[in-house]
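Report on the following structure.
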Amino acid sequence: MKFQAIKGTRDFYPETMRLRNYIIDTWRRVSLRNGFEEYDAPILENLSLFTVKSGEEIAEQLFSFTDRGGRNIAMRPELTPSLARMVGAKINALPRPIKWFAVPRLFRAERPQRGRLREFFQWNIDIVGEESIQADAECIYTLIDFLREVKLTPADIQIHIGLRPAVSAMLTQYGVAEEAMDKAFLALDKKPKIPAEAFETMMTDLGLSAEQIQNITTFMDCPSEQAIQQLASIEGIDEHAENLQRLWDILTTMGVADYIRFDFHIVRGLAYYTGVVYEALAAGERAVAGGGRYDNLLQLVGGPAAGATGFGMGDVVLGILLDEKGKLPADLQSPSLDIFVIDAGENTAEAMLTLVGTLRERGLACDYSFKRAGVGKQLKEANRRGARSVVLIEQADLDAPDSLSIKTFATGSQTSMTQSEFLSSLG
RNA sequence: GUGGCUGUAGCUCAGUUGGUUAGAGCACCUGGUUGUGGUCCAGGGGGUCGGGGGUUCGAAUCCCCUCAGCCACCCCA
C-alpha cells in the first residue's frame, strides 16, 4: 500500500464513523438540553492568535504554514482564542447569558500516544460574561449530565475539583516564594502520580523546610468531605471558600454531587485559570475532560474584559474509556434500516421500486437489493443490512388483497396486507 | 525532542535448529439448503512475510539501515 493516513490521524470507516457520530450527537444533544447554543470558527486562524496567548513556543506544537501572501496560518490547536475573537467582535450585541458550545476538529503536532492524536474532536462548553460560581456549576452540571447520558457512573469517573487561588494562597502561607509558584504548582500536579519522596525532593529544591512541606502535604491530602472547612485555615480567601460551598450546594441540589470531589492537586498546567479548575478522571486514563474559570483570558487574546468559564472534552480518551467500560451502545455494531423491501412475486420488480420510493418519501430509511435473487438471499441481505423489518411484495398490484407481507425480524412474526393498509399502519 | 517494544491476508495470529508453490480462524464475495433471515455446508478472491541492502546454494527466519505502528517521558491549550 503506497499511501496511508497521516501520522496521528484516523480514517473513519462506517463502523468507526458510527462511534464518532454517537459521541458527537450525544455532546450536541446534552449541550442543547442544558441551554447551550452551538457556534464554530474556521479551522485555519492566524498563527499569532495562538502565540499571543501561549508564547512563541506554542508554534512548535501546532501545524502551521505560510500562505501565498506570506501570512502565517495555523491549524487551530484549540478553540478558545477563536471564541474570544468572536465574542470580542460582537460583545455588545450578543444576548446574555452567553452559553455556547462547539465540537471543533483540532490539530496538534505532538507525538501520538494512548489517548492523544494529532487530529481529534473536542467538545467545548463555555459561559462568557458571568462572574458568579453559578456559571461554573452550570458547566460542571452539563459535564455530569453527559457522563450520565453515556452511562458512565460515579464509580467509573469522578470530577476532581480544585480551587487555584486557594492553593496559591496556601502555598504562599506555607512559605513558597512568588517566583517558585509555577514549579510548586507543577509539583502538586504530579504529586498523585509520583512517590512521596520524589514530591518532597521537588519541594525541598524550592527552598522549603521539612515542616513547610509537611503543612502543604497535610493540606493537599485532606479528604474531599473536609476540603471546604479546611480552607478557613488559609488567610484571605473567604470569598473563594464561599464560592466552593455554593458550588457544592448547587450540585447537591441538582442531584449530581456523587460525581464530584474536591481535590486541590488539580491545578491544570497553564497559569491563566483564576478560579475553580477541574478534571474528569477515570482510573488509569489521562483526563477525559478538563476546564475551569479563566477571567482574564479573553482580554489577553485581544477579546473583551469579560469573565469566562468552561471545559473541553476530547473524543479520543472518551472513546477508549467507553470501549473499555463496555458502555458503547450495542446498535453501533451494525448499520440500521427501518425497512428492507423484497421483490418476492412474479413481475414485482417495478412495484418494489414504487414502494421504496413511497417509503423514502415518508422519511423512512429504506433499501432493497440490487440483485434479482431468491427470497432467501434477499432476506439474508436484509438481515446483514440491519433492517428492523422487511416488506415482501407478493403481487405487482399493491392494492390487491395480501399484496404485501410484513415481517419483523426481532419477533419473526409476519402478516399480510395491502399497501394502503401498510402505509396507514406506519402512522 | 528522548527512550522502549512491535511489524506475516482487512482483523487476530501460526510458521519447527534458515530448506519445495507461506497457513488457520474471523471478515468479505459466490453458490447450495430448489419462496423466508441469524445457523449450517461448499467454493473463491486477497499476502513481492513493512521497505531497502547484506550473509548464504537457499531468508518470513540471521545481520545492518530505514519506514511505520504502539507505549512511556517532555508537554498537555
Side-chain angles (χ1 to χ4, degrees), chain A residues 1-11 13-16 45 49-55 57-62 74-84 104 106-118 120 122 124 126 185-186 189-190 193-194 266-273 277 279 284 286-287 289-292 294 297 300-301 310-314 316-317 320 333-334 337 340 342-346 348 369 371-395 405-414 416:
Chain A
M1 192 74 84
K2 195 168 184 179
F3 293 107
Q4 62 184 66
I6 297 293
K7 180 199 291 286
T9 68
R10 291 166 289 176
D11 288 326
Y13 289 87
E15 186 185 359
T16 44
E45 290 276 10
L49 179 67
F50 303 107
T51 55
V52 73
K53 164 192 160 195
S54 309
E57 56 281 10
I58 195 73
E60 304 292 321
Q61 296 167 54
L62 50 75
M75 301 181 74
R76 62 183 180 193
E78 59 170 324
L79 191 62
T80 307
S82 304
L83 168 66
L106 304 177
F107 300 84
R108 294 178 185 175
E110 301 176 297
R111 181 168 289 198
Q113 56 186 290
R114 182 178 176 85
R116 290 175 70 177
L117 298 173
R118 291 183 161 184
F120 57 97
Q122 187 184 68
N124 281 71
D126 288 281
F185 272 128
L186 188 63
D189 186 50
K190 287 188 181 301
K193 304 163 211 158
I194 61 177
I266 304 299
V267 292
R268 302 238 357 117
L270 268 63
Y272 61 71
Y273 285 105
V277 287
E279 292 181 349
R286 61 186 79 239
Y294 49 99
L297 184 60
L300 186 67
V301 300
F311 68 85
M313 174 188 288
V316 183
V317 177
I320 292 172
Q333 303 301 316
S334 59
L337 286 171
F340 197 88
I342 288 177
D343 169 20
E346 299 292 327
T348 48
S369 177
K371 292 186 288 271
R372 298 277 55 77
V375 171
K377 289 295 177 194
Q378 293 185 71
L379 276 166
K380 199 179 289 245
E381 180 171 346
N383 193 63
R384 189 159 45 79
R385 296 288 303 279
R388 277 181 279 281
S389 60
V390 293
V391 174
L392 293 89
I393 301 189
E394 310 283 8
Q395 301 176 41
S405 291
I406 317 302
K407 184 183 182 73
T408 306
F409 273 137
T411 61
S413 67
Q414 185 167 329
S416 295

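Letters A, B, ... mirror the listed sequences (proteins, then strands); counts begin at 1. On a predicted model such as this, the values are computed, not experimentally measured, just so you know.
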Among the nucleotides [options], which one has an atom lying closest to any side-chain atom of [X]?
| X | options | value |
| --- | --- | --- |
| P112(A) | C40(B), C75(B), C70(B) | C70(B) |
| K377(A) | G69(B), G35(B), U33(B) | U33(B) |
| N383(A) | A72(B), C75(B), G38(B) | G38(B) |
| Y273(A) | G69(B), U36(B), A77(B) | A77(B) |
| L379(A) | A77(B), G37(B), C75(B) | G37(B) |
| R286(A) | A72(B), U33(B), G37(B) | A72(B) |
| L392(A) | G3(B), G35(B), U33(B) | G35(B) |
| R116(A) | G35(B), A72(B), C74(B) | C74(B) |
| Q4(A) | A77(B), C40(B), A68(B) | A68(B) |

How far does the [atom1] atom of [N] sit from the matching atom of [M], given to the nearest Å?
| N | M | atom1 | answer |
| --- | --- | --- | --- |
| U21(B) | U48(B) | C1' | 14 Å |
| C26(B) | C73(B) | P | 39 Å |
| U12(B) | A27(B) | C1' | 11 Å |
| A22(B) | G46(B) | P | 14 Å |
| A72(B) | C63(B) | P | 28 Å |
| U61(B) | G23(B) | C1' | 16 Å |
| G58(B) | G19(B) | C1' | 7 Å |
| C13(B) | G7(B) | P | 10 Å |

How about R114(A) and I320(A): do any of their side-chain heavy atoms sit closer than 4.5 Å?
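Counting from C-beta outward, R114(A) and I320(A) do come under 4.5 Å.
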Below 4.5 Å, heavy atoms only, C-beta onward: do I342(A) and K407(A) meet side chain to side chain?
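They are not in contact (no side-chain heavy atoms under 4.5 Å apart), so the answer is no.
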Classify [X] by what it touches in the nucleic acid, base, sugar-phosphate, or nothing, heavy-atom distance under 4.0 Å.
| X | answer |
| --- | --- |
| R111(A) | base |
| E381(A) | nothing |
| L79(A) | nothing |
| K371(A) | sugar-phosphate |
| A382(A) | nothing |
| E110(A) | base |
| G412(A) | base |

From Y273(A) atom OH to F185(A) atom CZ, the distance as rounded to the nearest 0.5 Å
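It is 13.0 Å, given to the nearest 0.5 Å.
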Roughly how far, to the nearest 0.5 Å, is CZ of R384(A) from CG of L379(A)?
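Here the interatomic distance stands at 12.0 Å.
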Does the side chain of R384(A) get closer than 4.0 angstrom to OP1 or OP2 of C29(B) through an N or O atom?
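Affirmative; the distance criterion is met.
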Q113(A) vs C71(B): side-chain N/O to OP1/OP2 distance below 4.0 Å:
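Result: no.
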I'd like to know if the side chain of Q122(A) and the backbone of E78(A) have a donor-acceptor N/O pair within less than 3.5 Å.
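No, Q122(A) side chain to E78(A) backbone: no donor-acceptor pair under 3.5 Å.
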Are the side chain of R108(A) and the backbone of L117(A) linked by a donor-acceptor contact shorter than 3.5 Å?
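Answer holds: no.
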For I266(A) against V277(A), the heavy-atom pair lying closest together
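Between these two residues, the closest heavy atoms are O-CG2, 3.1 Å.
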To the nearest Å, give me how far apart [atom1] ([X]) and [atom2] ([N]) are.
| X | N | atom1 | atom2 | answer |
| --- | --- | --- | --- | --- |
| K380(A) | U34(B) | NZ | P | 12 Å |
| I406(A) | G37(B) | CD1 | C1' | 16 Å |
| R108(A) | C76(B) | CZ | P | 11 Å |
| L62(A) | A77(B) | CG | P | 14 Å |
| R388(A) | G37(B) | CZ | C1' | 16 Å |
| D126(A) | A77(B) | CG | P | 14 Å |
| R76(A) | A77(B) | CZ | P | 18 Å |
| E57(A) | C74(B) | CD | P | 17 Å |

Decide if atom CD of E15(A) counts as having more than 12 heavy atoms of other residues, nucleotides or ligands within a radius under 6.0 Å.
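Counting other residues, nucleotides and ligands, CD of E15(A) stays at 12 neighbours or fewer.
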Pair partner, [N] [Watson-Crick or wobble, under 3.5 Å]:
| N | answer |
| --- | --- |
| C76(B) | none |
| G69(B) | C5(B) |
| C57(B) | G19(B) |
| G25(B) | C11(B) |

Could you check whether the side chain of Q378(A) and the base of U36(B) have a donor-acceptor pair of N or O atoms closer than 3.5 Å, going by distance alone?
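A donor-acceptor contact between them is absent.
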Does any donor-acceptor pair link the side chain of E394(A) with the base of G35(B) at a separation under 3.5 Å?
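Yes, a donor-acceptor pair under 3.5 Å.
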Specify the residue among K190(A) and A5(A) whose closest nucleotide of RNA chain B lies further upstream toward the 5′ end.
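Of the two residues, A5(A) wins.
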Would you kindly compare L117(A) and I393(A) by the position of their nearest RNA chain B nucleotide and give the one closer to the 5′ end?
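Counting from the 5' end, the first nearest nucleotide belongs to I393(A).
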I need the single residue from K380(A), K377(A), E381(A) that forms a side-chain hydrogen bond (donor to acceptor under 3.5 Å, both in side chains) with S369(A). Which is it?
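Only one of K380(A), K377(A), E381(A) forms a side-chain hydrogen bond (donor to acceptor under 3.5 Å, both in side chains) with S369(A), namely E381(A).
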